[in-house]
Number of protein chains: 2
Amino acid sequence: MKRFCSIPLLALALGGAAPVPKQEPAPAPSEIVAAAPATDWVAIAAADLMVMDLAPDTRGKPRRVVIQLMPAPFSQGWVGNIRKLVAARWYDGVSVNRVQDNYVVQWGDVSEKKPLPEGLANLTDTGFAAIRSVTDVHLTNGGSVRDVEPNVSWVRGEYLNYRAIRDRKGGAEGYPHGTGYVEGWPVAGDVDDNGYEQLAIWPTHRHAMVGVGRNMPPDTGTGAELYTVIGHAPRHLDRNIALVGRVIEGIEHLSSLPRGTGPLGFYESAEERVPILSVRMGNEVAGLPAYQYLSTESESFALYADARANRRDAFFIRPAGGADICNIPVPVRRVPAP
Amino acid sequence: MKRFCSIPLLALALGGAAPVPKQEPAPAPSEIVAAAPATDWVAIAAADLMVMDLAPDTRGKPRRVVIQLMPAPFSQGWVGNIRKLVAARWYDGVSVNRVQDNYVVQWGDVSEKKPLPEGLANLTDTGFAAIRSVTDVHLTNGGSVRDVEPNVSWVRGEYLNYRAIRDRKGGAEGYPHGTGYVEGWPVAGDVDDNGYEQLAIWPTHRHAMVGVGRNMPPDTGTGAELYTVIGHAPRHLDRNIALVGRVIEGIEHLSSLPRGTGPLGFYESAEERVPILSVRMGNEVAGLPAYQYLSTESESFALYADARANRRDAFFIRPAGGADICNIPVPVRRVPAP
């Protein structure tokens with residue numbers, strides 16, 4: 001199996017002995033991540049994980065999907081509802097009902113008649129942008145605003161850490177907003193370039209992000225109906241639907257499901273739907289591995305982001321000189337054995 | 001099935017009677033496409049289609065994938081090789097060997113021993129950017145460079161039609177290059193804003209684009225090993241791998257395959273590989289539907305692109321105010337019955 005289309009994470013493993021192109025190969029993003037010191041990794045609390053076990057596949061293989069819920073200040077109303085739904089075992093026995101190619105996989109109660117537990121918050125769309133007009137974000141000079149290669153810069157503020165990957169002249173990825181990371185999560189925001197005195201930041205859609213299905217506005221959904229992105233980032237959904245988390249393991253059990261043939265990719269028959277056996281919080285699941293993410297404030301992440309934007313490892317001929325935020329996923333791993 | 005995460009193409013169908021948000025709902029992108037006059041649709045020649053029939057699925061359902069090959073001036077060396085490989089029936093009996101989540105599906109000869117037909121061109125990477133430093137691209141004023149909403153503009157030149165979706169201040173999508181469309185194909189390019197005297201344009205990776213697998217440079221591949229994108233657009237591959245076409249029908253037969261568990265998503269056992277029964281050019285296949293794409297130079301496409309970037313239909317609360325090129329796919333359809 002010699003000919004292949006290179007993959008960031010493993011290309012080097014297969015290509016070590018290959019002819020060297022014009023410029024000297026540099027570490028691949030995966031090598032930078034592998035070399036990151038233990039102190040650059042941040043533990044993900046088991047209590048912030050949601051473990052969804054689907055019915056086994058046709059060969060009897062288990063299908064487990066692990067979802068990390070978003071931390072404050074983002075979407076906490078919906079996250080709170082989801083915690084209540086898990087506590088009430090509400091998701092046990094619902095199903096995956098929709099798989100639309102290059103878009104989303106969605107799960108919930110297809111009958112729409114399963115009673116919701118009491119005490120769910122009634123939410124409005126003001127929660128979509130979790131941080132609005134934050135003032136008094138003071139910058140510390142020398143190291144807090146930096147440029148790495150042409151278009152990676154970040155801001156460290158008093159109230160939040162916001163690392164921005166932006167177009168050199170403003171805006172990013174065809175959208176009028178900047179994009180970046182807050183404590184491991186991809187976000188977009190309106191940033192005032194003249195002093196960063198105003199920041200409004202919201203979570204952004206990318207592959208494997210989990211959001212809250214809803215009906216037409218002003219409905220914003222409860223959290224009982226969830227979806228995850230399996231295709232190109234549908235950024236037009238940002239601030240239109242609440243994002244609540246991301247799949248950190250097992251996305252392939254959702255993304256490889258047969259596509260639904262009904263409108264919007266809904267399955268048309270009961271046999272096609274995939275039963276959800278149970279959903280539990282991570283601290284309720286015996287033997288669950290511990291997970292970590294690479295701190296988006298770490299030097300390792302800055303190097304990794306730069307390498308993703310400027311591929312110089314052996315497979316590449318011309319570095320792109322930039323990257324959209326969805327092509328710089330935040331590395332997540334199982335905690336390695338000591 | 002009330003609660004859902006809206007889909008551009010069908011949201012309006014389900015949402016007609018929903019409460020109206022603050023601003024008046026506008027036509028959805030799908031409605032603009034449906035209303036496009038017949039003259040805005042361009043025929044795709046059957047001779048430019050490659051019809052790949054996979055072995056039927058486990059229920060005996062046929063799996064046909066229809067690929068449109070790229071026109072001149074793009075990648076014609078590889079396209080020529082692919083035509084020869086089809087004529088020699090070389091692809092008949094090879095298989096899908098790799099499925100990597102959020103990345104690519106790849107097919108070819110897993111043994112790497114199947115002899116190639118004679119007469120294939122030996123290609124170099126200079127073909128990745130098909131148009132380099134085109135001079136004398138004269139603009140006709142008044143209508144040739146326009147701005148539609150904040151960030152949609154296009155250029156019509158003497159030698160090519162290049163419609164650019166760009167960030168307002170230059171660059172696009174986090175990358176230092178502009179992006180746009182040439183005769184129905186998504187491209188990126190270096191554009192000299194001061195008179196457009198220099199243009200270098202290359203096809204860009206997005207969902208369903210088909211490219212040529214290769215080994216380490218200076219190898220560029222022959223066209224015998226192909227892949228298609230099933231996840232977020234891997235734009236870092238632009239100008240590093242030759243793009244030769246796009247899947248216009250049947251992508252779900254590839255994107256929903258089980259993910260490979262070997263390195264780079266390669267299947268580890270022969271049973272997992274999906275046999276390719278035959279690959280034929282469209283004009284060799286009896287009863288193949290006729291296909292069309294929406295002209296990217298049409299007014300309908302401009303309206304559609306604007307609507308994708310500024311969703312104002314009923315589901316949306318806040319239009320994004322922009323879009324990356326991969327979120328503005330070129331509409332392709334079967335020619336409707338008269």
Side-chain angles (χ1 to χ4, degrees), chain A residues 1-5 7 10 15 18-19 21 100-104 106 112 125 165 167-176 207 213-217 221 225 227 231-233 235-236 238-241 251-252 255-256 258-259 263-264 266 311 314-318 320-324 326-327, chain B residues 1-5 7 10 15 18-19 21 100-104 106 112 125 165 167-176 207 213-217 221 225 227 231-233 235-236 238-241 251-252 255-256 258-259 263-264 266 311 314-318 320-324 326-327:
Chain A
M1 186 53 53
K2 244 175 61 194
R3 291 177 187 282
F4 61 93
C5 153
I7 289 299
L10 289 166
Q100 180 162 6
D101 197 58
N102 193 30
Y103 206 62
V104 298
Q106 189 171 340
E112 294 194 84
D125 75 27
I165 311 283
D167 180 78
R168 275 170 294 185
K169 295 181 193 170
E173 299 161 45
Y175 301 89
H207 184 260
R214 65 164 171 86
N215 212 321
M216 290 292 164
E225 189 84 10
Y227 66 89
H232 190 79
R235 295 278 309 277
H236 52 285
D238 290 2
R239 290 189 299 172
N240 285 289
I241 309 193
I251 184 81
E252 68 277 13
S255 59
S256 68
R259 277 46 183 157
L264 303 165
F266 277 102
R311 296 298 297 267
F315 185 82
F316 288 84
I317 301 164
R318 294 178 190 82
D324 57 296
C326 304
N327 270 317
Chain B
M1 187 51 56
K2 241 175 65 193
R3 291 176 188 281
F4 61 94
C5 152
I7 290 300
L10 289 167
Q100 180 162 8
D101 196 59
N102 194 29
Y103 207 61
V104 298
Q106 188 170 340
E112 293 194 85
D125 77 27
I165 310 281
D167 180 78
R168 275 170 292 185
K169 295 181 192 169
E173 301 163 44
Y175 301 89
H207 184 259
R214 66 164 172 84
N215 213 320
M216 290 292 165
E225 189 84 11
Y227 67 89
H232 191 80
R235 296 279 308 277
H236 52 284
D238 291 0
R239 292 189 299 173
N240 285 290
I241 307 192
I251 184 81
E252 68 276 14
S255 58
S256 68
R259 277 47 183 156
L264 304 165
F266 278 102
R311 297 297 298 268
F315 185 82
F316 289 84
I317 301 165
R318 295 178 190 81
D324 57 296
C326 305
N327 270 317

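Sequence lines set the chain letters: A, B, ... in the order given, protein chains first and strands last, and positions in each chain run from 1. This structure is a prediction, so every number in the text was calculated from the model and none was measured.
Scanning all heavy atoms of the two residues, the minimum distance from A:P258 to B:S256 falls at CA-CB, 4.2 Å. Of all the heavy atoms in B:R235 and A:N327, the pair that sits closest is N-ND2, 3.8 Å.
Considering NE2 of B:H207 and NE2 of A:H232, their distance stands at 10.5 Å, rounded to 0.5 Å. Between atom CD of residue A:E252 and atom CG of residue B:N102 there is a gap of 12.0 Å, rounded to the nearest 0.5 Å.
For A:D101, the part lying under 4.5 angstrom from a heavy atom of chain B is the side chain only.
Remark: B:N240 engages A:F316, A:I317, A:R318, B:R214 in a side-chain contact (heavy atoms from CB on, under 4.5 Å) (not counting sequence neighbours).
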